[in-house]
Amino acid sequence: MVLRRSLAALALASVVASPTVAAQDRVQTVAGEPAQIADVVLIGINELSRDVVAEALEVHVGDPVPDLALAAERVVRLYRRKDYSFARATAAFDATRGALTVTIDEGVIDAVEFTGVETTRAAVLASDYALRAGDVFQRRRASEALEALLAPTRGAIRPGRVARRGPDSPDDESEPAGRPPFEVVTRDGRRVLQVDLRTPAGTFRLVPDLGDREDWFTRVDGFVPSIGLGAAIYDQKRFNHAYVAGHVSLRTAERRGGYALGVERPFLSNHRVYIGGELYDLTATDDRWQATSLEASLGALGPRSSLRDYYRRRGVQVHAAVRAEPRLELLAAWRGERHEALDLESDYGFWNDDDPIRPNPPARAGRLNGIVVGASFNPLGFDRESLAATYQRHQLESPFGQGVAAEWAHDRLARVAWRADWTSELSPASLGGDFDFQRHIVSARTLVSLSRHQELRARGIVGWSGGELPPQRVFAIGGFGSVHGYDFKEAIGSRLALANLEYAFGWLSGLHAIGFLDVGRVTGGSGAAPWLKGVGFGIGLTRDARVDFGYKLDDVPGSLSVLVRLSRSF
Amino acid sequence: MRLVCAASLGVWSLAASADAALDLQITNVRAASSAVVAVVDLRDLESDRFKTLLERGGTVHLRLQTELWESRPTWDRLVYPAAVRLLRLVRTRPGGALAAGGDITLTDQDGTVTSYPALPNPLPVTVRIGAADRLRADLRYYLRASATVGTIAEREIDSVGDAVFGRPEEASGLGSLGRTVFRRMAQLSDYLQSVTAETTSRNLTGRQLLGR
């Protein structure tokens, strides 16, 4: 902090307002009269409005020369309030011209360093970080850029919590010194931004698991309160984090518990290989593709609609997956499990108490030893999946494929989103089980954004089988989630072909209209196997919530069926 | 129960209409001389409720945030810190006094003032993203833009928890419903305060951006 006062008529004063400011004398003329400001000059303003800075300075032409340190500090405080944490300002007065000049360094950094991680990792992070030498530091933007930088580590590297004080640390009340993880130190005259990082060993979460693994209300189990456990053990070198998943539930109707406990870990870097296994005793269903867990549970609890058929599944599964490239995964699993029918029928429901509920078809009991192989292709890639989502997908509990809505919502970059899935379940008697069948399913789904108010969605599923399919593995279509206008699972058989087409227009995240056409056929059943054709329209209230009015194509309007959906059809 | 359903539908519709109030489209991203500049068209900026607010002499704030990302096979890279433009909209009479029925005056954070008898729809907004020397001709890039009208909204960032345990979109259970309802109710409570819209450009090569 410097204040120079000339005894001559020329007076020049200069004050640096960082890090601390003390009281200053006012600049005066020789005669002792307070000098007046004839001009205010602001230098170095790029990030903020000059008017805003001038207003913060609280100085006007004609005013007496203010306390220079205070004037500079007012500017610095303004910048700190705007998150420019390392801004500095100097104020000087040229008495000859009567000019008050405020020179501002908005917090330009000369270099970026990462601390708390290995040197090689720090170098990689520095080269990828959006904030570079020559940039102005603004805490909010720097924090957002840091979040983006560290996202691929999935929490293995996180912003540090320990504050270190550097000589340029801001020390006023609005910006506490050393607020982690950013700090500026001056080294050889250069302002170096230090970003402090930490590398935790892992992370853990225990939360109510409402429908992620088992439906929270079913007509065979009643209420199923459950707890889900997730834990990641971080691999700091290759980010091949191990994931441990747990699930404990209580089936209140049967007063029986359920559980799942498994682990999965990827290996290699370029083409990741996932190895994992799980022990489980679950109420399972093959009907995840027609209705979500939320819809199935609410449907059973409210209007007593049965949108899923259930059986008990307990045993062990080991699985492997190879991510041949970021968009393609090959999967394989070995299952040794026991299937049991669930006969108990809960009669609870909020309304439609007098209506009969569709009974749960009895599953064939027995030991299933089988191999499941498959592949998934997603042009948007699998790398952005959470560890939990990857683990759950590798359990191969959704043989009819998965929707693209999640990817679509997360990656608005794509105008066309699609994915394809294939699974083959092979359970020959030669593996020592009580079943003897094989079932193959190939599915594809797409979303095409035609304009900001139009969207086309399509799904195709084909399935075929051999041997003797047990009831819990037969194909079924009709009604909710497959062909509008028909009863749920109206057609049952051993071979399946299904195509769905939807066109949506309007405000796709808000009020919009939907037209749809469904065509499907199941063959290999006991009766005739006609093509089921459904048509209709819907009113969407959000991207997910909608009301569908569906008809059989050959019976409009006599076959009207109204469905309330809380998720996309596919 | 029917009353509850009807009320719910009304709430959802009202919240849904908030989504419909603003839209944005990236019309140009290029390196002009030494800087990368984007032009974003904002549509339906002056929705009914903000129009009423302006007519009453109130102030509407617009926050436009743009981020240029490098498209990679796995995780994309943020090339520059987010660029933000703030605009203040008021109705003024000649001389600058706030007045209902006057011109619409836009003041940006640089202090630049522009007046219109009626707000253009779409309203093009230019954003300087960063120095062009950070782009490489052989890489691919895309621009994300988000605009908030009303109040200055916080940006949603994927949390570490999301990366490990999953995003709301990945869940199908009761928790997802809770999050959706909460989001909608928050949107509803924010109804008179702010509306946000987002968009993303198509992939562009560095060569296209640099005009080579």
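Lettering follows sequence order; numbering is per chain, from 1.
The contact between A:P326 and chain B is made entirely by side chain atoms (from C-beta outward), counting heavy-atom distances below 4.5 Å. Heavy atoms closer than 4.5 Å to chain B are found in both the backbone and the side chain of A:L131.
Residues A:R141 and B:P81 come closest through the heavy atom pair CB-CB, 4.1 Å. Taking all atoms of both residues into account, the shortest heavy-atom contact from B:L78 to A:A145 is CD2-CA, 3.6 Å. Closest approach of B:W69 to A:A148, counting heavy atoms only: CH2-CB, 3.5 Å. Between A:Y129 and B:R77, the shortest heavy-atom distance links the atoms O-NH1, 4.5 Å.
In this structure, CG on A:L150 lies 11.0 Å from CH2 on B:W75, to the nearest 0.5 angstrom. Taking NE2 of A:H453 as the start and CG of B:D23 as the end, the distance is 6.0 Å to the nearest 0.5 Å. Distance check, rounded to the nearest 0.5 Å: CD of A:E144 to CD of B:Q65 gives 5.0 Å.
Note: A:R132 leads A:R50, A:R132, A:E47 in heavy-atom pairs under 4.5 Å with chain B.
Checked against salt bridge (charged side-chain N to carboxylate O under 4.0 Å, His left out), A:R327 has the following partners two or more places apart in sequence or in another chain: A:E325. Considering only residues two or more places apart in sequence or on other chains, B:T205 meets the side chain to side chain donor-acceptor pair (under 3.5 Å) condition with B:Q208.
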Requested in this report: Verify salt bridge (Lys or Arg N to Asp or Glu O under 4.0 Å) between A:D128 and B:R72, making sure each step is shown before the conclusion.
Outcome: CA-CA 12 Å; A:D128 278 356; B:R72 292 176 163 186; 3.2 Å; yes

